[in-house]
**Student:** 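The following block contains the structure, expressed as structure tokens.
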Amino acid sequence: MSVSDKSTDPASERTDEGPPNFIRDMVLELLQRDPDARLCTRFPPEPNGYLHIGHAKSIVLNFGLARLAPQGTCNLRFDDTNPATEETEYVEAIQADIRWLGFQWDGPVHYASDYFEQLYRWALDLIRAGKAYVDSQSVEELREGRGSFHQEGRVSPYRERSIEENLDLFQRMRAGEFDEGAHVLRAKIDMASKDVKLRDPLMYRIRKVAHHRTGSEWPIYPMYDWAHGQSDAIEEITHSICTLEFQNHRPLYDWFLDTLGISPRPYQTEFGKLNLTYTVLSKRRLLRLVNEGRVSGWDDPRMPTLAGMRRRGITPSALRAFCERVGVSKHDGAVDISLLEYYIREDLDATTRRVLAVLRPLKVVLVNLPEDAAIEVSAPYHPSDEAFGARTLTVTRELYIERDDFMEDPPKKYFRLAPGREVRLRYAAIIRCVEVIKDEAGEVVELRCTWDPETLGAHPPDGRKVKGTIHWVSASQGLDAEVRLYDRLYTVEDPMGHDGDFTEVLNPDSLVTLRGCKVEPSLGDAPVGDRVQFERAGYFCVDPDSRPGAAVFNRTIALKDSWAKIAAKK
RNA sequence: UCGGGGAUCGUCUAAUGGUAGGACUGCGGAUUCUGGUUCCGCCUAUCAAGGUUCGAAUCCUUGUCCCCGAACCA
């Protein structure tokens, strides 16, 4: 390709889609050779748990690939071949999560269970072709017969059953004549293969368990390897994208498709799934957190599930941007959680209005203001985007400031309030602390300050510099609220690398609930899900637990805090 | 030990024989009525050793380390 045709090169259109990657390149090359080539991907979750951010990467990848061509499509298919663990609740939650993330699959929702009949007929074909047989060994015999990495497999005594007998047995398996474990259907490949996966893998097992869609119609269920590739083929998927741990399955994937002679057929490509520091992404372990009550549910804001992140206040667009940026490769690494945090802040900074809220209130009395003072100030909702508008805040004689914004004996470089020192009240005027009131225990319970009217909405006329600005809420006008501060769920970067159980490194402070917080009056009618920035504190959203007059805010993420860094160094 | 994959700044990822680039993090600085944002700057990488070549992250050889695989899970 020459440089001059760059403008018509499909590869040049990738600019808005994040960095290039080997799968995208593969598809782009195909499209360059044949612009009319069919392009169909699929997202194939098993409905046995909720979607997490790792699935988001896969969704963004698969839907993104389909969009590379105008005729490209991406299916949603539930890989529901194990009725013991799958439920309708998950089927519904997964669809809601995909839509929330901002994607819509093409055509109807597909299910591997839609293909049970076709799969069954193909299995009969394989038996007739002498490529599959019914084995009647026990689980233990099967396992032993499979051999090991260093030892060849042993041929089953049932391997040479006649085609007629296999047909009869398999049909009776399907008819429900046998108990679980009595027989299995195996592909006849090669018990001596160095690839353990190819040592006559199981295609069907007997499971007398009701299926969430097919009920009790089927007493036998196809195994993943038998169902997946054929399901792809039925849907005429062209690119079957999956994660690295399925690389070992590809020879089998190919064997079934080739042996059946299905055409056109899909091809599997693997990529490294997303891993995140301070995070565990494994449906089995997330299920444990839920079942053991370590979190409040699949949508606990600390969970890396899409449902949890949604409740936490994280936006779909931040997630999408993150998934684009982490890239796609065959390297199995762990992305630093700070990259995710960056995209969350970037999006929220642009899209949320600023409000004032005091999380840990400390009372301040402005001694030179009359009892009924009500000084109105206009405060823009966003520092750089006028479209957000403004609201009016009222300064009253008594108000609340953050406990952290006052220190009796401040260290160097602390430019907030201290005895005798000045600070600006955000959007209002400068105050000076003239008296500190303590209780019997010696704890500071109130500050007396003077209000400097000359600095209301203006710099001090005498030119003096007041570096600090703090947020505040009127004592009489502020609203009470509950605030839930969320932090990382684990105390270590790699919870699974920890010796022992991953629950041992759960962060005991991952949720801190604050009651008696004070928020500005404009928040009185904030709807559930509403996202705001509490100035100087972080981004928050209204939790569904909120009740009229008793709002609950979840902290999505704190603002970057360079003072905390300075303070921590000392 | 057998089979399949993978090794590039601290992290993720580009560069497919021709200047090792970007993002995040970290560290400085400027601006700022958010210790936020924004802007500017700096630090830091080709797993190792040989070989081919004018030239190697890229090709070859050997080695090292890491991941996956012996479920009637997906």
Side-chain angles (χ1 to χ4, degrees), chain A residues 18-21 25 44-46 48 79-82 84-86 112 135 138-139 142-144 146-153 180-181 183-186 193-199 202-207 220-221 223-225 227-228 242-251 270 272 274 277 283-284 325-343 345-346 349-350 354 356 379 382-384 413-416 424-430 455 457-459 466-471 493 533-538 558-567:
Chain A
N21 64 64
D25 290 346
E46 182 188 10
N48 66 346
D79 224 337
D80 55 350
T81 57
N82 183 4
T85 58
E86 297 155 4
D135 199 339
S138 67
V139 191
L142 237 24
R143 190 183 320 127
E144 273 175 42
R146 199 151 28 225
S148 71
F149 297 148
H150 314 293
Q151 186 182 29
E152 279 190 3
E180 290 191 7
H183 307 283
V184 292
L185 185 72
R186 300 179 77 177
S193 174
K194 288 184 171 182
D195 180 351
V196 184
K197 273 239 107 64
L198 257 22
R199 318 238 260 233
L202 267 52
M203 292 169 65
Y204 279 96
R205 73 286 212 190
I206 298 171
R207 272 284 168 285
I220 55 172
Y221 289 94
M223 301 291 289
Y224 167 84
D225 289 299
H228 202 89
C242 64
T243 49
L244 250 28
E245 61 267 35
F246 290 95
Q247 281 179 129
N248 296 312
H249 298 240
R250 180 145 39 92
E270 311 85 12
L274 176 69
T277 57
K283 281 196 278 188
R284 208 186 102 234
R325 194 52 63 176
V326 293
V328 177
S329 74
K330 299 189 81 136
H331 181 61
D332 187 30
V335 177
D336 197 311
I337 190 88
S338 64
L339 184 65
L340 206 214
E341 295 174 342
Y342 169 80
Y343 282 104
R345 290 196 183 98
E346 181 192 52
D349 174 55
R354 313 295 135 116
L356 301 188
H382 196 281
S384 56
K413 289 208 219 165
Y414 181 88
F415 35 82
R416 277 115 94 150
R424 176 175 291 278
L425 291 181
R426 180 72 164 155
Y427 302 122
I430 292 169
T455 60
H459 291 295
V466 174
K467 193 147 169 82
T469 296
I470 64 173
H471 55 278
E493 223 181 82
Q533 182 197 97
F534 286 173
E535 291 209 41
R536 302 209 308 133
L559 248 30
K560 280 207 280 185
D561 188 349
S562 53
W563 166 248
K565 281 182 190 171
I566 295 169

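The sequence lines fix the lettering, A, B, ..., with proteins before strands; numbering per chain opens at 1.
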**Student:** What nucleic acid atoms does A:His249 come within less than 4.0 Å of, heavy atoms only: base, sugar-phosphate, or nothing?
**Tutor:**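 Counting heavy atoms under 4.0 Å across all strands, the contact made by A:His249 includes a base.
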
**Student:** Grab the CD-C1' distance between A:Gln533 and B:U37 for me, whole Å please.
**Tutor:** 9 Å

**Student:** It should be established whether A:Arg146 places a side-chain nitrogen or oxygen under 4.0 Å from OP1 or OP2 of nucleotide B:C72.
**Tutor:**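 So the side chain of A:Arg146 is within the cut-off, an N or O lying under 4.0 Å from OP1 or OP2 of B:C72.
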
**Student:** What contact category does A:Gly333 fall into here, base, sugar-phosphate, or nothing, at under 4.0 angstrom with non-hydrogen atoms?
**Tutor:**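 Since only primed, P, OP1 and OP2 atoms lie under 4.0 Å of A:Gly333, the category is sugar-phosphate.
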
**Student:** Can a side chain N or O of A:Arg424 be found less than 4.0 Å away from OP1 or OP2 on B:U34?
**Tutor:**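 Checking B:U34 against A:Arg424, no side-chain N or O comes under 4.0 Å of OP1 or OP2.
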
**Student:** Report the residue (A:Glu535 or A:Leu340) whose heavy-atom-nearest nucleotide on RNA chain B is the more 5′ of the two.
**Tutor:** A:Leu340

**Student:** Side chain of A:Ser562, heavy atoms from C-beta onward: which of B:G35, B:A74, B:U34 has the nearest atom to it?
**Tutor:**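 Given the options B:G35, B:A74, B:U34, the side chain of A:Ser562 is closest to B:G35.
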
**Student:** Is a donor-acceptor contact shorter than 3.5 angstrom present between the side chain of A:Asn248 and the base of B:C68?
**Tutor:**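 Side chain to base: pair present.
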
**Student:** Under 4.0 Å between a Lys/Arg side-chain N and an Asp/Glu carboxylate O for A:Asp225 and A:Arg250?
**Tutor:** no

**Student:** So, is A:Arg325 near the phosphate of B:C24, with a side-chain N or O under 4.0 Å from OP1 or OP2?
**Tutor:**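 No.
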
**Student:** Regarding B:G4, can its base be found pairing with the side chain of A:Arg250 as donor and acceptor, where the two atoms are less than 3.5 Å apart?
**Tutor:**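 There is none.
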
**Student:** Contact class for A:Arg199 (heavy atom, under 4.0 Å): base, sugar-phosphate, or nothing?
**Tutor:**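 Nothing, no heavy atom under 4.0 Å.
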
**Student:** When the nearest nucleotide of RNA chain B is assigned to A:Phe415 and to A:Asp336 on a heavy-atom basis, which residue is associated with the more 5' position?
**Tutor:**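 Of the two residues, A:Asp336 wins.
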
**Student:** Any strand counts, and the cut-off is 3.5 Å on both contacts for Watson-Crick or G-U wobble. Which nucleotide pairs with B:A7?
**Tutor:**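 Paired with B:U64.
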
**Student:** How far, in whole Å, is B:A30 from B:U37 if one measures between their C1' atoms?
**Tutor:**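 Taking atom C1' in both B:U37 and B:A30, they lie 14 Å apart.
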
